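Excluded from the calculations below are hydrogen atoms, water molecules and symmetry mates; all remaining heavy atoms, backbone and side chain alike, are included. Computed from a prediction, not measured in an experiment: that's the story for all the values here.
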Amino acid sequence: MLTFSLSPLRAAFACIFVVVSVSNSLAQSANLLNTYELVQDGVNNSRQLPVPKGPTSIPQTMTFFFNKNGSTDEGIYFEKLKSELSVTFSFDDQPYNNVPQHVTGMTFGAASGASSTHVRSVPVVNTNYYFEDTARTIFTAHPQGPAGKGVNLLMNAGLQVFLSAKPLLAADAPKTDTSRYYYGKLRLQFNKPVRDPVISFIGLGATTNFGNKRLGFATELELQTPSVALTKLSGSEEMQIDMSKKKVLHSKTPITGNCGSGAACGSVLVKGSQITTLVFNVYLRPDGGPGVWGTEKVSNSGDMWHITVSLPEQ
């Protein structure tokens, strides 16, 4: 009678299975794109509590949290970094320094709508984006993608910025689409050198409507920091990076305030290493519509938008 044993064969297959499993695990681990992100979920808070309300032009500091596989929408497990990494947002060189009710032309923590002449006071850091990005195409967390993934608008906190149109109303400034008004500088200061930060802009654009005559206007930014360039990772058609790779522009008319229909929204990679400071010149540009900046009785218009930052694991 001929007999044989399968034990050596089974052992060989088992060894192969173990090797393949280990290889797959290592490959999956290598493919994880971890991120550092700004969060404000009540447990992990990038902005120290209590979060103040605006309007204010006082610099705001936010700390980053580690997010394993944060490049995807599955990455929602935030941890404190072993060595604190933060970014401070500040304004300087503002030409409009005597704006009624909120002092400066650019502020944190403000929006239109408190009254006909006063802006609304809101927390300087929040997730009130008025947009859900349900198609997952607009915002990207990691420089290597995937595009449209990794930024969770329910958890990734943004700093709320407001550019008041009051100075332009007071000056009866021209509203042609070739007009552009300088509001000052927005500075991002990291507490230690970083590489390849991703900046997401949410809601660059606003509109007024008086007597069914609309005027749209949008914030545009120009990077002043040398030796770094901007690349659009994802976003709406309205958000455009110019040929110099230094300008974040609104490309369409009419301009509105909704990411899904007329505002410029998206994520921009700042390509570079050893970055400690990023400085943007900030402008407000009208779209040439037939409307007005505001009226004597209704003068609280402006462009309200958010900014948040993510980093690849450093």
Side-chain angles (χ1 to χ4, degrees), residues 89 105-113 119-120 122 125-141 147-148 151-154 156-165 168 175-181 183 186 198-210 213-223 230 232-242 247-269 280-294 300-309:
F89 301 85
M106 285 194 296
T107 55
F108 301 120
S112 299
V119 296
R120 182 159 46 98
V122 299
V125 171
N126 60 67
T127 55
N128 299 326
Y129 297 122
Y130 308 102
F131 181 69
E132 295 181 358
D133 193 18
T134 53
R136 313 305 293 160
T137 59
I138 303 297
F139 304 109
T140 302
V151 175
N152 186 325
L153 294 182
L154 296 176
N156 288 124
L159 185 66
Q160 184 162 324
V161 181
F162 185 72
L163 271 66
S164 173
L168 306 181
K175 300 176 288 291
T176 61
D177 60 3
T178 56
S179 303
R180 205 159 176 251
Y181 301 99
Y183 268 67
L186 172 64
V198 176
I199 303 176
S200 293
F201 298 99
I202 304 99
L204 299 175
T207 185
T208 62
N209 184 3
F210 295 96
K213 292 184 178 181
R214 297 177 181 272
L215 174 68
F217 41 87
T219 302
E220 296 186 331
L221 303 99
E222 295 186 4
L223 181 63
L230 303 177
K232 181 179 176 180
L233 297 177
S234 58
S236 64
E237 293 181 0
E238 288 81 2
M239 193 178 80
Q240 183 180 64
I241 305 300
D242 78 321
K247 300 178 182 180
V248 180
L249 304 175
H250 194 295
S251 66
K252 291 193 173 184
T253 297
I255 296 171
T256 72
N258 190 302
C259 280
S261 58
C265 306
S267 300
V268 175
L269 166 65
F280 292 88
N281 282 356
V282 183
Y283 301 86
L284 195 65
R285 181 183 69 80
D287 65 3
V292 294
W293 298 111
N300 64 1
S301 64
D303 187 15
M304 180 274 289
W305 48 276
H306 290 78
I307 181 172
T308 190
V309 181

Report task. Using distance alone, with no hydrogens and no angle criterion, decide if Asn126 and His306 have a side-chain donor and acceptor under 3.5 Å apart. Result -> yes
**Report entry** Glu238 side chain vs Cys265 backbone, donor-acceptor pair below 3.5 Å
**Finding:** no
Query raised in the report: Does the Tyr130 side chain pair with the main chain of Gly203, one donor and one acceptor, at a distance under 3.5 Å?
Result: no
Query - Side chain Thr140, main chain Gly148, donor-acceptor under 3.5 Å - result: yes
Requested in this report: Considering non-hydrogen atoms only, spot the tightest contact between Ser112 and Gly302 and give its length.
Outcome: OG-N, 3.5 Å
Query - Min side-chain heavy-atom separation Leu163-Trp305 under 4.5 Å - result: yes
Report task. Indicate the atoms forming the closest heavy-atom contact of Tyr183 with Met106, along with that distance. Result -> O-CE, 3.3 Å
Report task. Kindly indicate whether the side chain of Met304, heavy atoms from C-beta on, has any atom under 4.5 Å from the side chain of Val122. Result -> no
Query raised in the report: Roughly how far apart are Asn300 CG and Arg120 CZ, rounded to 0.5 Å?
Result: 10.0 Å
Report summary line: On a heavy-atom basis, the closest approach of Phe217 and Asp303 is CE1-N, 3.9 Å
Query raised in the report: Would a distance-only check, ignoring hydrogens and angles, find a side-chain to backbone donor-acceptor pair under 3.5 Å from Thr207 to Leu215?
Result: yes
Query raised in the report: Are the side chain of Arg285 and the backbone N or O of His250 linked by a donor-acceptor pair below 3.5 Å?
Result: yes
Report task. Just say parallel, tilted or perpendicular for the rings of Phe131 and Phe139, cut-offs at 30° and 60°. Result -> perpendicular
Report summary line: Closest non-hydrogen contact found for Gly291 with Lys175 is O-CE, 3.1 Å
Query raised in the report: Is a side-chain donor-acceptor pair under 3.5 Å present for Asn156 with Thr308?
Result: no
Report task. Check whether any side-chain heavy atom of Val248 lies under 4.5 Å from a side-chain heavy atom of Met239, and answer yes or no. Result -> yes
Query raised in the report: Donor-acceptor pair, Ser234 side chain versus Ile138 backbone, under 3.5 Å?
Result: yes
Query raised in the report: In Å and rounded to the nearest 0.5 Å, what is the CG to CZ distance from Leu284 to Arg180?
Result: 10.0 Å
Query raised in the report: How far does CG of Leu159 sit from CZ of Phe89, to the nearest 0.5 angstrom?
Result: 5.5 Å
Report task. Determine yes or no for a side-chain-to-main-chain donor-acceptor pair under 3.5 angstrom, with Thr219 supplying the side chain and Leu204 the backbone. Result -> no
Report summary line: When rounded to the nearest 0.5 Å, the distance separating OG of Ser251 from CD1 of Ile241 is 10.5 Å
Query - Pro286 backbone acceptor or donor facing Tyr181 side chain under 3.5 Å - result: no
Report summary line: side-chain hydrogen bond (donor to acceptor under 3.5 Å, both in side chains) filter on Ser301, not counting sequence neighbours, yields none
Query - Arg136: side chain to side chain contact (heavy atoms under 4.5 Å, CB included) partners, not counting sequence neighbours - result: Asp73, Asp133, Lys149
**Report entry** Polar side-chain atom of Asp287 near backbone of Gly216 as donor-acceptor pair, under 3.5 Å
**Finding:** yes
Query - Nearest-0.5 Å distance, CG of residue Leu221 to CD1 of residue Ile199 - result: 8.5 Å
Query - Main-chain N/O of Glu237 paired with Lys252 side-chain donor or acceptor, under 3.5 Å - result: no
Query raised in the report: Any side-chain heavy-atom pair from Leu186 and Ile307 closer than 4.5 angstrom?
Result: yes
